[in-house]
Participant: 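Before I ask anything, here is the structure I am working with.
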There are 2 protein chains.
Amino acid sequence: MSEGPPAGPKGWAEIAEEARRRIYVRDWAPGQVIPSEEALAVEFGVARATVNRALRALAEEGWVERRRRAGTRVAERPVRRATFSIPLIRDEVEQLGRGYRYAMQSCEEVDTPGEIATRLAMQGEPRVLRITALHRGDGWAYAWEERWINPGVVPEARGVDWRIESPNEWLLAQVPYTEVAVSVGAEAASEEVAGAFLCEPGTPLLSLERTTWSGQWGVTFVRLSYAPGHRMWSRM
Amino acid sequence: MSEGPPAGPKGWAEIAEEARRRIYVRDWAPGQVIPSEEALAVEFGVARATVNRALRALAEEGWVERRRRAGTRVAERPVRRATFSIPLIRDEVEQLGRGYRYAMQSCEEVDTPGEIATRLAMQGEPRVLRITALHRGDGWAYAWEERWINPGVVPEARGVDWRIESPNEWLLAQVPYTEVAVSVGAEAASEEVAGAFLCEPGTPLLSLERTTWSGQWGVTFVRLSYAPGHRMWSRM
DNA sequence: TAGTGGTCTAGACCACCAG
DNA sequence: TGGTGGTCTAGACCACTAT
């Protein structure tokens, strides 16, 4: 009973899948060097570029580490990466099937606090725009926004009516940005924020801070405080 | 005064950089379709595969959206992705230059709480291992771990001395996993955890929850509570 | 149906670095 | 210094989908 040609992996995705399987069953053990691209290309009957594509994907996923001359080895400590997508809050809310509403809470131009000056690397611009706003989904408070804008970089921001414009969406449309730094942490709800969320002051809230740069210029810093119990999810 | 040939972008990385620049200066405006790979290949004097590599990178970064036939267009709403690396806590602590220490706090086999049974999709295995532990850096509490292990998938876990073995490191070495779900949120410190962190009960803590799967089997669920003020950082 | 991106090939040269 | 991965090329076929 002869069998047809073995249905081996065909494209780079299938080859990557086969490689994951071999790692999974310890066929390729942690720390071990796996065969070279050339050897695998021969084994699978594909071009080396195809194997390269597959192994590059595995490396990005953290399964293997690759170095010239040293070859490709299975990661001992797979440093997993969790990727969270950070859409506009409007999109986030609407994707939940809820009606989105934005409401400015306050808007003022103030002397730049030291912390903000540092974060935005501000020089010579002693004043900064501070806006607070509430994002609602179906009437319920979804996230509280505390926004700082550097008018030295975006002078037009001074003329905007923030009761109508949502800072994030306005800035996105106006200012190109090159770099973004994000962090997440836990904070206690202030009196003001607790009022919006109808919770006790001191309630733990997930906070997301984001600093946005346009070249070397700090454009804006925002702290988003999500409703109590909110979690950010990632699937790897 | 004739000039030499213009020093255009050479490799895929430089072409990607040039494309980012064009998006940045609104040369390619949001929502607009950019030239085809073929056209760009001609413009830059490279093979189409090289342009493809560059644009694929931009798509992964969220700058452009690509669809066959429809072409490549600049994203209207760049859905930014924040990637956090999640190393072993040991590595995390040691990278800060601190001395790492692990200390089990409790270990018991208990009737599976409904929440855990759901998370691990447990069937027929009414008992589960629960371990709590403290991770220290230079003697200071760094993170509190509450770990649940499904002995139906990892029966050997019952025989392990968790005063010595750190669950995460042991599991990593023992059980191959295929899928991981991660979430972050904010929690109030319990009495027990507050004691470890020398803070008031109710203090907001960043919590990271992770469920790990091996095929269709839920292996383990862990909740890490980080010290007050801890933040996770990502640079995009 | 035609045009776009997705993928693959066979070959080539190069950068890097472990031995 | 040789073997490995990183990259590029010129060409080809295919999958998808806007028109």
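Lettering follows sequence order; numbering is per chain, from 1. Since we're looking at a predicted model, the values are computed, not measured.
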Participant: By nearest atom, which of the nucleotides dT4(C), dC8(C), dA18(D) is closest to the Ser36(B) side chain?
Facilitator: dT4(C)
Participant: Rounded to whole angstroms, how far apart are CG on Leu55(A) and P on dT7(D)?
Facilitator: 13 Å
Participant: Compare the minimum distances between each of dT9(D), dG5(D), dC8(C) and the side chain of Thr50(B), then state the nucleotide with the smallest one.
Facilitator: dT9(D)
Participant: Please give, in whole Å, the distance from dG3(C) C1' to Leu40(B) CG?
Facilitator: 15 Å
Participant: Between dA2(C), dG5(C), dT4(D), which nucleotide gets closest to the side-chain atoms of Asn52(B)?
Facilitator: dG5(C)
Participant: Starting from C1' on dG6(C), measure out to CD on Glu37(B) and report it in whole angstrom.
Facilitator: 8 Å
Participant: When you look at CD of Gln95(A), are more than 12 heavy atoms from neighbouring residues, nucleotides or ligands closer to it than 6.0 Å?
Facilitator: no
Participant: Looking across every strand, which nucleic acid part, if any, lies under 4.0 Å from Arg67(A) by heavy atom: base, sugar-phosphate, or nothing?
Facilitator: sugar-phosphate
Participant: Please determine whether a side-chain nitrogen or oxygen atom of Arg53(B) lies at a distance below 4.0 Å from atom OP1 or OP2 of dT7(D).
Facilitator: yes
Participant: Within this structure, what is the CD-to-C1' distance between Glu14(B) and dG6(D), rounded to whole angstrom?
Facilitator: 15 Å
Participant: Take the protein atom CZ of Phe44(B) and the nucleotide atom C1' of dC8(D), then report the distance between them rounded to whole Å.
Facilitator: 16 Å
Participant: Taking only side-chain N and O atoms of Arg66(A), does any of them lie within less than 4.0 angstrom of OP1 or OP2 on dG6(D)?
Facilitator: yes
Participant: Which one, dG6(D), dT9(D), dC8(D), comes nearest to the side chain of Ala47(B)?
Facilitator: dT9(D)
Participant: Which one, dT17(D), dT9(D), dG5(C), comes nearest to the side chain of Ala49(B)?
Facilitator: dT9(D)
Participant: In this structure, how many angstroms lie between the P atom of dC13(C) and the CH2 atom of Trp12(B), rounded?
Facilitator: 23 Å
Participant: Between Ala70(A) and Ala13(A), name the one whose nearest nucleotide on DNA chain C is closer to the 5' end.
Facilitator: Ala13(A)
Participant: Would you call Ile89(A) and Tyr100(A) a side-chain contact if the rule is heavy atoms closer than 4.5 Å?
Facilitator: yes
Participant: In whole Å, what is the span from the CZ atom of Arg68(A) to the C1' atom of dG2(D)?
Facilitator: 15 Å
Participant: Would you say that Tyr102(A) contacts Arg90(A) through its side chain, given a criterion of any heavy-atom pair below 4.5 Å between the two side chains?
Facilitator: no
Participant: Provide, to the nearest angstrom, the distance between the CZ atom belonging to Arg73(B) and the P atom belonging to dT4(C).
Facilitator: 13 Å
Participant: Determine: side-chain N/O of Thr72(A) to OP1/OP2 of dG5(D), distance under 4.0 Å, yes or no.
Facilitator: yes
Participant: Which part of the nucleic acid does Arg48(B) contact within heavy-atom distance under 4.0 Å: base, sugar-phosphate only, or nothing?
Facilitator: base
Participant: To the nearest 0.5 Å, what is the distance between OH on Tyr142(A) and CG on Leu224(A)?
Facilitator: 10.0 Å
Participant: Could you check whether any side-chain heavy atom of Leu55(A) comes within less than 4.5 Å of a side-chain heavy atom of Ile34(A), counting everything from C-beta outward?
Facilitator: yes
